[in-house]
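Data block below; observations after.
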Amino acid sequence: QVQLVESGGDSVQAGGSLRLSCAASGVRPDYYGIGWFRQAPGKEREGVACITRAGSISYPTDSVKGRFILSRDNTKKTIYLQMNSLKPEDTAIYYCAARREILSASTTCASYEYNSWGQGTQVTVSS
């Protein structure tokens, strides 16, 4: 099973940027689709950005489109989430997660589809 470790969370001012990293280890992480999720206090976990094995990316949350960019470096076994123009409503714990999938799998950011999760990294955006 793949192990995931997030890093890069911090406290920033609104309008700032952060890059989160998700380091994968264990079995070959390029056999997995990877998703970034977030959970704010009192709210449900939501998918932010997800990528399939084949490299297809989706951003299901409208509020991050055009501001967040997911990228994947298979040589480094790391998945990144570049977050720009941060807003206070982006404040949350950010998690990366993985799901074993076939090469032709469709993109999904449904959290129940993912079965390996990191411990999360806190992002706090102040106004």
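As the structure is a computational prediction, the values presented were derived from the model and not from experiment.
Closest approach of Ala92 and Ala40 over heavy atoms only: CB-N, 3.8 Å. Residues Val2 and Ala98 approach most closely at CG1-CB, 3.6 Å, considering heavy atoms. Taking both residues in full, the closest heavy atoms of Pro88 and Ser126 are given as CG-C, 4.5 Å, listed atom of the first, atom of the second, then distance. The shortest heavy-atom contact between Thr78 and Ser21 is CG2-CB, 4.1 Å. When all heavy atoms of Gly47 and Thr61 are compared, the closest pair comes out as O-OG1, 2.6 Å.
By the 4.5 Å heavy-atom criterion applied to side chains, Trp117 and Leu4 are not counted as neighbours. Within the 4.5 Å cutoff, the side chain of Gln82 has no heavy atoms near those of the Leu20 side chain. At a threshold of 4.5 Å between non-hydrogen side-chain atoms, the residues Tyr59 and Ile69 count as touching.
Of the possible polar contacts, none joining the Tyr114 side chain to the Arg100 backbone as a donor-acceptor pair under 3.5 Å is found. Of the possible polar contacts, none joining the Thr75 side chain to the Asp73 backbone as a donor-acceptor pair under 3.5 Å is found. Using a distance-only test at 3.5 Å, with no hydrogens or angles considered, no donor-acceptor pair links the side chain of Thr107 to the main chain of Cys50. In this structure, the side chain of Arg53 does not engage the main chain of Tyr32 through any donor-acceptor pair within 3.5 Å. At least one donor-acceptor pair closer than 3.5 Å links the side chain of Glu6 to the backbone N or O of Gly120.
A donor-acceptor contact under 3.5 angstrom links the side chains of Ser116 and Gln1, judged on distance only.
Taking the charged nitrogens against the carboxylate oxygens, Lys65 and Asp62 do have a contact shorter than 4.0 Å, which makes a salt bridge.
Both Val64 and Ile57 are part of a single hydrophobic cluster, where members link through side-chain heavy atoms under 4.5 Å apart.
For the atom pair CD (Gln119) and CD (Gln3), the distance works out to 12.0 Å, reported to the nearest 0.5 Å.
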Practice task
Please test Thr108 against Glu101 for side-chain contact (heavy atoms from CB on, under 4.5 Å), starting from the C-alpha separation and ending with a verdict.
Solution key: CA-CA 11 Å; Thr108 178; Glu101 62 183 31; 5.6 Å; no
